[in-house]
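Read the structure below first, then the notes.
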Amino acid sequence: MLTAINPKLPMRNKAVTRNFYVNKLGFKDIGSADFSDYLMVQKDHVQIHFFLFEALDPKENYGQVYIRTNDINGLYQSMLDTQQSIHPAGSLQTKPWGQKEFAMLDPDSNLLTFGQEV
């Protein structure tokens, strides 16, 4: 039986990535050891893992993760209240596929899409 999925996304700089996810988005660093080339963060029941890829060109990064929430309006408002950068084409919208969602980019241009079924 499958129990969870934890995406692994590229990062160029662990300190920058940790700062973004922990200090801006409210995740916790859950690594039990400090490995220079790996980072694990968690918020509620969502874990995201990162691997070091120093040569990553953010303009060519196609890393993406879709994160479901049960309060899309509250999450979106909290992002606005804390002045997080919403993707220019990713403002809160109801999509034809039955999801209300918004998107943002992390420092390495990994696309984070947050969504809730409508």
Side-chain angles (χ1 to χ4, degrees):
M1 176 186 295
L2 302 178
T3 61
I5 186 168
N6 301 313
K8 291 170 68 173
L9 299 174
M11 67 178 172
R12 292 174 294 160
N13 180 300
K14 183 176 177 177
V16 170
T17 300
R18 180 189 286 131
N19 180 60
F20 177 79
Y21 283 89
V22 172
N23 296 326
K24 294 187 178 224
L25 300 187
F27 282 74
K28 294 179 186 172
D29 183 343
I30 60 168
S32 60
D34 190 18
F35 296 104
S36 60
D37 60 349
Y38 205 79
L39 173 66
M40 297 181 293
V41 296
Q42 180 170 339
K43 184 172 183 176
D44 303 321
H45 299 290
V46 172
Q47 277 188 28
I48 306 173
H49 296 209
F50 298 90
F51 61 93
L52 187 62
F53 184 9
E54 291 175 327
L56 175 70
D57 179 351
K59 294 178 184 174
E60 295 182 6
N61 183 11
Y62 296 101
Q64 299 181 39
V65 62
Y66 194 100
I67 303 170
R68 294 200 181 272
T69 178
N70 60 7
D71 184 12
I72 193 71
N73 293 321
L75 181 62
Y76 185 70
Q77 189 59 53
S78 74
M79 295 292 186
L80 295 177
D81 291 347
T82 58
Q83 300 177 347
Q84 303 307 316
S85 294
I86 304 303
H87 190 282
S91 61
L92 187 62
Q93 315 171 29
T94 300
K95 301 293 188 173
W97 47 87
Q99 299 292 311
K100 191 171 186 180
E101 57 187 48
F102 71 93
M104 63 192 325
L105 295 172
D106 78 0
D108 296 301
S109 293
N110 291 302
L111 181 67
L112 309 175
T113 304
F114 299 90
Q116 181 177 3
E117 187 176 351
V118 291

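Every residue meeting the ring pair (Phe, Tyr, Trp, His ring centres under 6.0 Å) condition with Y76, not counting sequence neighbours, appears here in chain and number order: F102. Partners of N13 by side-chain hydrogen bond (donor to acceptor under 3.5 Å, both in side chains), not counting sequence neighbours: none found. Annotation: ring pair (Phe, Tyr, Trp, His ring centres under 6.0 Å) contacts of H49 (sequence neighbours excluded): Y38. Listed by chain and number, the residues in a side-chain hydrogen bond (donor to acceptor under 3.5 Å, both in side chains) with Q42 are Q47 (sequence neighbours excluded). With sequence neighbours left out, N23 forms a side-chain hydrogen bond (donor to acceptor under 3.5 Å, both in side chains) with N19.
When every heavy atom of L111 is checked against every heavy atom of A103, the shortest pair comes out as CD1-CB, 3.9 Å. The two residues P107 and F20 have their closest heavy-atom pair at CD-CG, 3.5 Å. Taking all atoms of both residues into account, the shortest heavy-atom contact from E101 to Y66 is OE1-OH, 2.6 Å. The shortest non-hydrogen separation linking K43 to L25 is NZ-O, 2.9 Å.
Annotation: side chain of P10 is not in contact with side chain of F50 (no heavy-atom distance under 4.5 Å).
Residues I48 and F51 do not share a hydrophobic cluster, defined by chaining ILVMFWY side chains whose heavy atoms lie under 4.5 Å apart. Taking hydrophobic clusters as Ile, Leu, Val, Met, Phe, Trp and Tyr residues chained together by side-chain heavy-atom distances below 4.5 Å, V16 does not share a cluster with M40. Cluster membership for I86 and L105, using ILVMFWY side-chain heavy atoms within less than 4.5 angstrom, is not shared. Criterion: ILVMFWY side-chain heavy atoms under 4.5 Å apart, direct or through other members. Under it, L112 and M79 are part of a common hydrophobic cluster. F27 and M104 fall within a single hydrophobic cluster, where Ile, Leu, Val, Met, Phe, Trp and Tyr side chains are chained together by heavy-atom contacts under 4.5 Å.
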Let's go through K100 and N73 carefully: what are the C-alpha distance in whole Å and the side-chain angles of both, what is the deciding distance for side chain to side chain contact (heavy atoms under 4.5 Å, CB included) to 0.1 Å, and is it a yes or a no? CA-CA 9 Å; K100 191 171 186 180; N73 293 321; 2.9 Å; yes

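Between the side chain of K14 and the backbone N or O of F35, at least one donor-acceptor pair lies under 3.5 Å. Although no hydrogens or angles enter the test, the distance criterion places a donor-acceptor pair under 3.5 Å between the side chain of Q84 and the main chain of T82.
Sorted by first and then second residue, the pairs that involve residues 102-118 and meet side-chain hydrogen bond (donor to acceptor under 3.5 Å, both in side chains), not counting sequence neighbours, are R12-D108, T17-D108, Y21-D106, N61-N110, D106-N110.
Under the side chain to side chain contact (heavy atoms under 4.5 Å, CB included) test applied with V46, the options I67, V41, V65 reduce to a single match, I67.
Taking CG of D29 as the start and CZ of R18 as the end, the distance is 4.5 Å to the nearest 0.5 Å.
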